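First up is the structure itself, then whatever we jot down about it.
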There are 2 protein chains.
Amino acid sequence: MSLPIVEAAYKKEKPETEQIPFGRTFTDHMFVMDYEEGKGWHEPRIVPYEPLTLDPAAMIFHYGQTVFEGLKAYRTDDGRVLLFRPEKNFERLNLSGDRLSIPPVDEDEVLGYLKELVALEKDWVPEFEGTSLYIRPFIIATEPSLAVAPSKSYKLMIIMSPVGPYFSGGIKPVTINVEDQFTRAVKGGTGMAKTAGNYSSGYQAQAKAAKEGNADVLWLDGVEKRYIEEVGSMNIFFKIDGEIVTPALSGSILQGITRTSIIEVLKKWEIPVTERRISIEELYEAYEQGKLEEAFGTGTAAVISPVGELNWLGKKMVINDHEIGALSQELYDTITGIQRGRKEDSFGWTIEV
Amino acid sequence: MSLPIVEAAYKKEKPETEQIPFGRTFTDHMFVMDYEEGKGWHEPRIVPYEPLTLDPAAMIFHYGQTVFEGLKAYRTDDGRVLLFRPEKNFERLNLSGDRLSIPPVDEDEVLGYLKELVALEKDWVPEFEGTSLYIRPFIIATEPSLAVAPSKSYKLMIIMSPVGPYFSGGIKPVTINVEDQFTRAVKGGTGMAKTAGNYSSGYQAQAKAAKEGNADVLWLDGVEKRYIEEVGSMNIFFKIDGEIVTPALSGSILQGITRTSIIEVLKKWEIPVTERRISIEELYEAYEQGKLEEAFGTGTAAVISPVGELNWLGKKMVINDHEIGALSQELYDTITGIQRGRKEDSFGWTIEV
């Protein structure tokens, strides 16, 4: 079974440098599939990357019924193209979709379509150090109706964008503000789903943090405003007195695929790693006792983003002297090594396209 | 200053009955205005109601940066067309926009454009009892970029839809489920903003409630899961032992324009009305003591939606024997009377188009 493909008449120029701004350049083609009540998901196809035409009453514009994913295709030194645990993304797409009352897709089937799309656009996977092809699957509600109810039609699309290295010139630990006013998510809400509304709701906190010289925000739980949840749009890990601690999935934290992979790597290395509730007070106490050894965010974009400084209600925690920690570096090298085919993939995480 | 108008070549048929399904039929024209960083809001215009063309990477599809409003135009018995407190809607549009990092519009200016649009589409305001022209202003982020940051471009649109009566055959009290698992909003979140993500996040709770025979959901606060917030997408009022109580605006409750109007009417009538925290336990206690006399939701769609029954953790509160209360009826008659020009508008709430 092969997908119908409408080939783009005009092929765009591919970036000739590693300096590619994130998410602004898109490949020549995209994947589209439609859903209609009674008919299910149908008409999977690859078409030229082109504007979408939607009724102004399409539900996506009014009630935010939408979910998305983010993953990457990597080029190896010998020119092959690898995907990193892509099945996890479609598993999570359905998990998010369930929370937003969006009908599930056949995960294997859509992964197959993604592979066809990546194969067609293989030349778009950049080869420069640290670059990759960012892949954005997303589903939007398309029914033209202002009724506050689940849509009867949807569109699943996959668009792809070549991206530069997250850190140019090597990893740099960032300064983060612990947000005490705004809330990202709360138990019973949509925090564990990858859905649009979770992201723009953080812009004010981001702007406030940036004003005070912080690169990002550390979110606390919405109930007690004490327990650490995520950093910006990444999961967060701490090395405290030799032990690795990351907030347990609480229902309001996104289940990051890099997070899961880091935990699996640590377990394999027999380094103690615990998923549990951790309060900002506990973290500060550990810091004061000199036990807060490393801190890092994890996500598809950066893989590992070390935290060099945390600002919390006027208190400053400088972590590992603003330097990347030994474990953070080792985890970064290991995961990116597997992703780029430079290290042995003993976990079986990569899929060649 | 008059708006540029591109007139629709084809005029649609207007509904010839009061049985108009909500939000599915749209008028011949819509209002559009664009925003670009550095240029501000520009190019206000009236164009035929037509599909929107957007890049698949337009930020609205990915990060939910969007706000909306809902108001109505009413036809009076003598054929005039009235708007009900429309300035409040544009005030709230900017309030919501601030939370979502969307640049503000000039409220007076946009109200002027709305009036021009309604005047052009005057024949679309239906005359049947209980019908009206529903007006939906909304702003969407249009910049094609996957960066998690505020958009540099936006589109403000106003679309309009003739709607039938909320209750056909007179007001009917509804049965409501008190939601104990899902959360609508929490302090520090976006609950007080009219933004897309707040609505689809309630679909699962709605479905759960409907399964058990409930028409809607009563939301509790996200922190303690005790304090009453809203019902469905309406505000909620209770008459307890002669006093009217409505949850105080907590930062996670939408500031309803009908809510505000009801409070002002009650004050004028010298009926005691209090905005305060009220827990579901307190409500149940009042019920057990026979003091819960009336309950009703308020919103643009229904104006007053009486609650005949509340289901909370297996406990059932039957309110006023499933009948509409005298005060609920009087408030309904008063507000709808003002809206339709049948009662004296001593508050100066209506604007003739």
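Every chain is numbered from 1 and lettered A, B, ... according to where its sequence line falls, protein lines coming before strand lines. Bear in mind that the values here come from a model prediction, so they are computed numbers and not experimental data. FYI, side chains are in, hydrogens and waters are out, and symmetry mates aren't considered; it's all heavy atoms of this structure.
Interface remark: Thr190(B) contributes side-chain atoms only to the contact with chain A (heavy atom separation under 4.5 Å). For Ile159(B), the part lying near chain A is the side chain, with the backbone staying farther off; criterion is any non-hydrogen pair under 4.5 Å. Heavy atoms of Pro150(B) lying under 4.5 Å from chain A belong to its backbone as well as its side chain. Heavy atoms closer than 4.5 Å to chain A are found in the side chain of Met30(B), but not in its backbone. Of the atoms belonging to Ala149(B), it is backbone heavy atoms, and not side-chain ones, that fall under 4.5 Å from chain A. Residue Tyr203(B) touches chain A through both its backbone and its side chain, counting heavy-atom pairs closer than 4.5 Å. Of the atoms belonging to Asp221(A), not a single heavy atom falls under 4.5 Å from chain B. Proximity to chain A (any heavy atom under 4.5 Å) is shown, for Arg99(B), by both the backbone and the side chain. Of the atoms belonging to Glu50(B), it is backbone heavy atoms, and not side-chain ones, that fall under 4.5 Å from chain A. Of the two parts of Asn198(B), neither the backbone nor the side chain holds a non-hydrogen atom closer than 4.5 Å to a non-hydrogen atom of chain A. For Ser201(A), the parts lying under 4.5 angstrom from a heavy atom of chain B are both the backbone and the side chain. Residue contact with chain A, scored on non-hydrogen atoms closer than 4.5 Å, involves the backbone and the side chain of Gln65(B) alike. Of the two parts of Phe182(B), the backbone and the side chain both hold a non-hydrogen atom closer than 4.5 Å to a non-hydrogen atom of chain A. With a threshold of 4.5 angstrom between heavy atoms, Ile140(B) approaches chain A through side-chain atoms but not through N, CA, C or O.
Proximity of a side-chain donor or acceptor of Glu230(B) to a complementary backbone N or O of Leu254(B) within less than 3.5 Å is detected. His29(A) contributes no side-chain N or O that, together with a main-chain N or O of Leu117(A), makes up a donor-acceptor pair within less than 3.5 Å. Side-chain atoms of Ser161(A) never come within 3.5 Å of backbone atoms of Tyr134(A) as a donor-acceptor pair (strictly under, hydrogens ignored). A donor-acceptor contact shorter than 3.5 Å links the side chain of Arg184(A) to the backbone of Gly191(A).
Atom CG of Asp180(B) is separated from atom NZ of Lys208(B) by 5.0 Å, given to the nearest 0.5 angstrom. The OG atom of Ser153(B) sits 8.5 Å away from atom CE of Met59(B), with the distance rounded to the nearest 0.5 Å.
The candidate with the highest count of non-hydrogen atom pairs below 4.5 Å against chain B, out of Ala301(A), Gly64(A), Ala57(A), Ala196(A), is Ala196(A). Ranked by heavy-atom pairs under 4.5 Å with chain A, the list Thr66(B), Asp55(B), Val163(B) is led by Asp55(B). Looking only at heavy-atom pairs under 4.5 Å with chain A, the residue among Gly23(B), Gly222(B), Pro56(B), Ser145(B) that has the most is Pro56(B). Counting heavy-atom pairs closer than 4.5 Å to chain A, the top residue among Thr183(B), Val186(B), Val223(B) is Thr183(B). Between chain B and the options Thr53(A), Val67(A), Leu146(A), heavy-atom pairs under 4.5 Å are most frequent for Leu146(A). Counting heavy-atom pairs closer than 4.5 Å to chain A, the top residue among Pro21(B), Pro51(B), Ser151(B) is Pro51(B). Interface remark: of the candidates Lys194(B), Glu143(B), Gln204(B), Gln204(B) forms the most heavy-atom pairs closer than 4.5 Å to chain A. Between chain B and the options Arg136(A), Gln206(A), Met157(A), Gln181(A), the largest number of non-hydrogen pairs under 4.5 Å is found for Arg136(A).
Defined by atom type and a distance below 3.5 Å, a donor-acceptor pair is missing between the side-chain atoms of Ser96(A) and Thr195(A).
Each of Phe26(B), Tyr10(B), Phe31(B), Trp124(B) was checked for a ring-ring contact (aromatic ring centres under 6.0 Å, His included) with Tyr49(B), and the lone residue meeting it is Phe26(B).
Judged by the 6.0 Å distance and 45° axis criteria, Lys155(A) is not positioned over the aromatic ring of Phe61(B).
A 6.0 Å sphere centred on NZ of Lys187(A) holds no more than 12 heavy atoms belonging to other residues, nucleotides or ligands.
Scanning all heavy atoms of the two residues, the minimum distance from Pro162(A) to Thr27(A) falls at CD-CG2, 4.5 Å. Closest approach of Val174(B) to Ala215(B), counting heavy atoms only: CB-CB, 3.9 Å.
Aromatic pair His62(A)/Tyr199(B): centroids not less than 6.0 angstrom apart.
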